[in-house]
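See structure below.
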Amino acid sequence: MSKPVRAARDRRPTYVTLPVELVAEAKALNINVSQACESGLARSVAQARQARWLEDNEDAIEAYNRMVERGGLPLDEFRQF
């Protein structure tokens, strides 16, 4: 699956400071530094969103887990495995 192509107007030039040795090695390996930074940032954003979601929903998750501990899974009687 390929990534959607973004128009230039949807992008923002950003100054990023990286270790010289790392950039040199990336270039030697024909790694597109901008794409690598973008994918790493996207991964970090996804992880932060997940952590925030878990934190925001912690009470509901705990309440559901307590309910399952007390009464089992909802609709458990209909499971066929």
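Index from 1, following the sequence.
The side chain to side chain donor-acceptor pair (under 3.5 Å) check on Arg79 picks up Asp76, with sequence neighbours excluded. With sequence neighbours excluded, the residues satisfying side-chain contact (heavy atoms from CB on, under 4.5 Å) with Thr14 are Arg12, Val16. Residues that satisfy the side-chain contact (heavy atoms from CB on, under 4.5 Å) test with Ala26, not counting sequence neighbours, are Ile31, Val33. Not counting sequence neighbours, Val20 has no partner by the side-chain contact (heavy atoms from CB on, under 4.5 Å) test. Evaluation of the side-chain contact (heavy atoms from CB on, under 4.5 Å) rule for Pro19 yields Glu21, Leu22 as partners, not counting sequence neighbours.
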Without placing hydrogens or testing angles, list every side-chain donor-acceptor pair under 3.5 Å for residues 48-66, not counting sequence neighbours.
| from | atom 1 | to | atom 2 | distance (Å) |
| --- | --- | --- | --- | --- |
| Asn57 | ND2 | Trp53 | O | 2.8 |
| Asn65 | ND2 | Ile61 | O | 3.4 |

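Other members of the hydrophobic cluster containing Phe78, listed by chain and number, are Leu75; membership follows side-chain contacts under 4.5 Å among ILVMFWY residues, whether direct or relayed. Leu41 belongs to a hydrophobic cluster whose remaining members, ordered by chain and number, are Val45; membership requires side-chain heavy atoms of ILVMFWY residues under 4.5 Å apart, directly or through intermediates.
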